[in-house]
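Below are the structure tokens for one structure; questions will follow.
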Amino acid sequence: MEETESRVEVYVTTDTSQAPHKAGEPKLYVMYDAAKPEAGKLYFTEAEWDAFVLGVKDGEFDLDEDGNLPLLPAGE
């Protein structure tokens, strides 16, 4: 399988029409792959985005030496 290039981009919007499940939020953070825009978008509320950023800073999404996410401890 050939590996394709990705280019993750994020923007902030006040338009919730594309994410009706997030209607009523004052702003949304939208993440998508600009190299494959047809793949869809992820919509985060401000609280969700803040939690995601904290997880990134805490290493929650770091890959192991084989390029995999580490296994979760039992019970999580």
### Main-chain N/O of S17 paired to D15 side chain as donor or acceptor, under 3.5 Å
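Checking the backbone N and O of S17 against the side chain of D15, a donor-acceptor pair under 3.5 Å is found.
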
### Query
Which pair of non-hydrogen atoms, one from S6 and one from D33, has the smallest distance, and what is that distance?
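Between these two residues, the closest heavy atoms are OG-OD2, 3.0 Å.
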
### Query
Centre of Y32's six-membered ring, under 6.0 Å away, within 45 degrees of the axis: is that where NZ or CZ of K41 sits?
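Flagged: K41 positioned over aromatic ring of Y32.
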
### Query
Do you reckon L54 sits in the same ILVMFWY cluster as F61, going by side-chain contacts under 4.5 Å, direct or chained?
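Hydrophobic grouping puts L54 apart from F61.
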
### Message
Taking E9 first and then R7, would you say they form a salt bridge - that is, a charged N and a carboxylate O separated by under 4.0 Å?
### Response
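Salt bridge flag = yes for R7 with E9.
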
### Query
Is a salt bridge present between E5 and K36, judged by a nitrogen-to-oxygen distance below 4.0 Å?
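Looking at K36 together with E5, the answer is no, because their closest N to O distance does not fall below 4.0 Å.
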
### Query
Distance-only, no hydrogens or angles: does the D64 side chain make a donor-acceptor pair with backbone N or O of D66 under 3.5 Å?
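Yes, because the side chain of D64 sits within donor-acceptor range (under 3.5 Å) of the backbone of D66.
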
### Task
To the nearest 0.5 angstrom, please state how far the CE atom of M31 sits from the OH atom of Y11.
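Here the interatomic distance stands at 12.0 Å.
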
### Message
When you group the ILVMFWY residues by side-chain heavy-atom contacts below 4.5 Å and let the links chain together, are V12 and W49 in the same group?
### Response
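Yes, it is one cluster - the side chains of W49 and V12 are joined through contacts under 4.5 Å.
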
### Query
What is the distance from atom CG of L42 to atom CZ of F52, rounded to the nearest 0.5 Å?
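Nearest 0.5 Å value for the CG-CZ distance: 9.0 Å.
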
### Task
For E46 and Y29, work out which heavy atoms get closest and say how close.
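Reported closest heavy-atom pair: CA-CE1, 3.9 Å.
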
### Query
Any donor-acceptor pair under 3.5 Å linking the side chain of T16 with the backbone of A19?
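Checked: no pair found.
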
### Side chains of F44 and V10 in contact at under 4.5 Å (non-hydrogen atoms)
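They are not in contact (no side-chain heavy atoms under 4.5 Å apart), so the answer is no.
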
#### Entry: Closest non-hydrogen atom pair, Y43 against Q18
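Answer, listing the atom of Y43 first, then Q18: OH-CB, 3.2 Å.
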
#### Entry: Side-chain heavy atoms of E48 within contact of K22, under 4.5 Å
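They are in contact (side-chain heavy atoms under 4.5 Å apart), so the answer is yes.
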
